[in-house]
Amino acid sequence: MKSEVAFLLKKALVATYPDAKVQIHVEYPDKRYGDYATNVAFWLSKVLKKPPREIATKIAVNLKHPFIEKVEVAGPGFINITMNEHWWHSIVKKILTLKEGYGQLSIGNGKRIQIEYVSANPTGPLHVGHGRGAAVGDSLARILKKAGYEVEREYYINDAGRQIRMLGESIWARCMELQGKEVEFPEDGYRGNYVVDLAKEALREFPDILERPKDEAVEVLAQWGKDKLLKQIVDDLRSFNVSFDSFFSEKSLHESGEVSRIIEELKAKGYIYEKDGALWFKSTAFGDEKDRVVVRATGEPTYFAADIAYHKNKMERGYDTCIDVWGADHHGYIPRVKASMAALGYNPERLKVLLIQMVNLLKNGEPVVLSKRAGEIITLRWLINEVGTDAARFIFLTRKCDSHLDFDIEIAKRQTEENPVFYVQYAHARVCSIKRTAQERNITLSLNEPDLSLLKEEEEKELMRKLAQFPDVIENCAKTFEPHRLTYYLTELASLFHGYYNRFRVLTEDEALRNARFALCEAVRLVIKEGLNLLGVSAPEVM
RNA sequence: GCGGCAGUAGCUCAGCUGGACAGAGCAGCGGACUUCUAAUCCGCAGGUCGGGGGUUCGAGUCCUCCCUGCCGCGCCA
């Protein structure tokens, strides 16, 4: 609702200083100062060369609206605004009318955003780190949609190149072992147990596989294994409430010739040279720290070459913005991708890369040590089975992407008050419980024209203030690409609700008061439900 | 060595274009269930915002230097 206040401020500003051009920023001050505040006078004082208090006072005089109770100039020049009850009541009514549609914005203005996330190699199951990227990417997609963007979600499948062949060789080696044949396991092979399971299944599916020439067998197993693993990945993501609009195959870029074409295009522009038998892209011309190989001395294109083609393809599809969600260990990769886009004549600003920091797994405060050599990983599937999708998603979204995340498996499993997701869900369930109890006791509850002026308590006003912030939170998340702000908001809203619930009764004798309070609670419930939905977390009616 | 991220209460972390006395949860201590679910609530206690300089009317937030931790610097992806 900040935007409405900003609009009123804008009017007052124009009335006072018609020529002033300044961005109006509205904040939530400490509640003893008022409901909204702005520091616009400070910015103006720089331009007008007058004291901020003087400017603030003049603007305040012109700030009028039936919903404004009072306007005060405070401190060195803040303008504090206090709204009257009609303003707060209008918000509750708005929520009850719009329901889950409350908070829908149009700041995206129909602009197209593509968001690519997870994109894990189909050479093994998803691990916990992928889960964090999935939670962030998926929730961000939901939030951006809510903010009025046209959003497309994509998964880039690295189904070409060395790692897929290595998958085939790993399965082949395990097949040999299962048949009791001595064979050296490939040095960079995939050592996880899942490869043994795949090998067992492969032997059933292709009884003659080991009789075929090795190259052929490896190729068959590679493609078959890749498809199996991809299906498993998609299934895991589905259990994690994560979905995609499209899957884009790296292999298709090679097969369609797009990779070769992109190299020719860069060559024509003079950004490709040969050294040591390989072809190099002159990314240093666009700020990268060194040039990068696009075609190996063996004649094979690198992963990066395909990635250039992929990003060109994205640009050609006309998105206003493309978001790539990557693990933070890929940060050194950003300059070369942006360089390639610049070289091809695209504005690199159209690409935003979100780096997701590492997840540290803990067990009762102690780091979980995994042997990388033995291919030990903690899979997302395991995590979902242990702690559930709701808890895992919520915990992943309680940190900003830039921060490392300590994920303590025992705490997440414990399902106690240490686990914030239940706290928020419980608030939702409690409102549902009020409704149920009323039904059981034949108490009438009506949302029809509640008399909200009966909500006189400070706690009730606090709740209405918080509810009014929801659209601002959506806007904030969408602009910063930071979904974690929503989890904090929901926790705060739930906290206010629990406090209110403990102190006041909804099902009172006084029918008018009962209906007014229930209307407020129902508004809280609707916002929590929609908020959780944006995080991909369920809102149970009973707990 | 170069680069990225982090360094805020005992622990895990928030902190909205720089704003008005630095916030939450957990842990600790003390209270609240014949009344809409105690997975809850109320209260107390707890911090020279890693350190030094600087910019500003104002710095946890911006600049600079230093310290510590994690990560990256392949013709791997």
Side-chain angles (χ1 to χ4, degrees), chain A residues 2 23-30 32-33 37 39 42-43 45 51-52 74-78 80 121 123 158 161-163 166 188 250 275-280 289-290 292-298 300-304 306-307 327-335 355 357-358 360 362 365 398-406 408 411 415-423 425-427 429-438 440-441 443 469 472-473 475-476 479-480 482 484-485 487-488 491-492 494-495 497-508 514 517-518 521 542-543:
Chain A
K2 273 182 180 178
Q23 187 74 29
I24 292 175
H25 183 68
V26 178
E27 304 198 347
Y28 312 117
D30 187 299
R32 70 203 157 123
Y33 293 122
N39 60 359
F42 294 103
W43 292 91
S45 78
F78 297 101
N80 293 328
N121 288 351
T123 53
N158 299 130
R162 238 177 63 151
Q163 79 278 4
M166 190 54 75
D188 300 325
E250 178 191 354
K275 194 180 89 181
D276 303 331
L279 292 184
W280 297 69
E289 56 184 15
K290 48 182 125 170
R292 309 293 173 175
V293 171
V294 285
V295 179
R296 300 185 184 98
T298 60
E300 279 179 308
T302 59
Y303 172 83
F304 176 47
D307 225 13
D329 51 342
H330 287 62
H331 78 87
Y333 198 75
I334 299 173
L355 294 176
Q357 284 291 345
M358 303 286 117
N360 300 319
L362 305 174
T398 51
R399 302 276 176 275
K400 63 176 176 232
C401 303
D402 289 339
S403 293
H404 296 235
L405 172 65
D406 284 346
D408 196 308
I411 288 178
Q415 311 210 341
T416 63
E417 65 281 357
E418 289 169 82
N419 212 331
V421 64
F422 298 107
Y423 186 81
Q425 290 179 318
Y426 189 42
R430 275 182 146 175
V431 180
C432 296
S433 163
I434 295 172
K435 227 183 298 186
R436 275 193 305 272
T437 306
E440 283 163 16
R441 299 184 188 170
I443 300 169
Q469 291 177 10
D472 303 334
V473 174
E475 179 170 346
N476 207 337
K479 281 183 172 167
T480 58
E482 290 182 349
H484 77 277
R485 294 164 186 269
T487 64
Y488 279 88
T491 306
E492 287 159 14
S495 173
F497 174 76
H498 286 307
Y500 178 62
Y501 182 92
N502 265 273
R503 175 120 189 251
F504 300 97
R505 316 226 90 229
V506 174
L507 300 179
T508 59
R514 190 200 307 152
R517 287 186 171 169
F518 179 65
C521 291
V542 185
M543 285 177 76

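This one's a predicted model, so the numbers in the text were calculated from it and none came from an experiment. Below, read A as the first sequence line, B as the second, and so on, with proteins coming before strands; counting in each chain starts at 1.
With hydrogens and angles ignored, no donor-acceptor pair under 3.5 angstrom links the side chain of A:H330 to the base of B:rG72. At a cut-off of 3.5 angstrom, the base of B:rA20 holds at least one donor-acceptor pair with the side chain of A:N80. You won't find any donor-acceptor pair under 3.5 Å spanning the side chain of A:D406 and the base of B:rC13, going by distance alone.
B:rU34 is unpaired under the Watson-Crick or G-U wobble criterion, no partner having all donor-acceptor distances under 3.5 Å. Nucleotide B:rG58 has no partner under the Watson-Crick or G-U criteria, as no pair reaches both atom distances under 3.5 Å. Nucleotide B:rU68 forms a pair with B:rA6, judged by Watson-Crick or G-U wobble geometry with both contacts under 3.5 Å. The partner of B:rC13, taking Watson-Crick or G-U wobble pairs whose two distances both stay under 3.5 Å, is B:rG23. Using N1 to N3 plus N6-O4 or O6-N4 for Watson-Crick, or N1-O2 and O6-N3 for G-U wobble, each under 3.5 Å, B:rG18 pairs with nothing. Base pairing analysis places B:rA39 opposite nothing; no Watson-Crick or G-U wobble pair with both distances below 3.5 Å involves it.
Toward the 5' end of RNA chain B, the nearer of the two residues A:G332 and A:Y501, judged by each one's closest nucleotide, is A:Y501. Across the interface with RNA chain B, nearest-nucleotide mapping of A:W280 and A:C401 shows A:C401 to be the residue nearer the 5′ end.
Using a cutoff of 4.0 Å between basic side-chain nitrogens and carboxylate oxygens, A:D30 and A:R32 are scored as salt-bridged. We find that A:D188 and A:R162 are joined by a salt bridge, their nearest charged nitrogen and carboxylate oxygen being less than 4.0 Å apart.
Among the atoms of the strands shown, base atoms are found under 4.0 Å from some heavy atom of A:M543.
B:rA39 has no base stacking with the ring of A:Y423 when judged by centroids under 5.5 angstrom apart and an interplanar angle below 30°.
Remark: the backbone N or O of A:R505 is paired with a side-chain donor or acceptor of A:R517 at under 3.5 angstrom.
Of the candidate nucleotides B:rC71, B:rA77, B:rC41, B:rA77 has the atom nearest to the side chain of A:T302.
Looking only at side-chain heavy atoms (C-beta outward), A:N158 and A:Q163 come within less than 4.5 Å of each other.
Taking the six-membered ring where the residue is Trp, the centroids of A:F504 and A:Y500 are separated by under 6.0 Å.
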Can you name the atoms? Protein N/O to nucleotides 14-18 of chain B N/O, anything below 3.5 Å, with the distance.
| unit_1 | atom_1 | unit_2 | atom_2 | d |
| --- | --- | --- | --- | --- |
| B:rA14 | OP1 | A:K400 | N | 3.1 |
| B:rA14 | OP1 | A:S403 | OG | 3.1 |
| B:rG15 | OP1 | A:H484 | NE2 | 3.1 |
| B:rG15 | OP2 | A:K400 | NZ | 3.4 |
| B:rC16 | O2 | A:K2 | NZ | 2.8 |
| B:rU17 | O4 | A:N39 | OD1 | 2.8 |
| B:rU17 | O4 | A:N39 | ND2 | 3.3 |

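Atom NE2 in A:H331 sits roughly 13 Å away from atom C1' in B:rA6 (whole-Å rounding). Nucleotide B:rG72 holds its P atom 11 Å from the CD atom of A:Q357, rounded to whole Å.
Checking A:H498 against A:R430 by side-chain atom types alone, a donor-acceptor pair falls below 3.5 Å.
With its glycosidic angle more than 90° from 0, B:rC57 is assigned anti.
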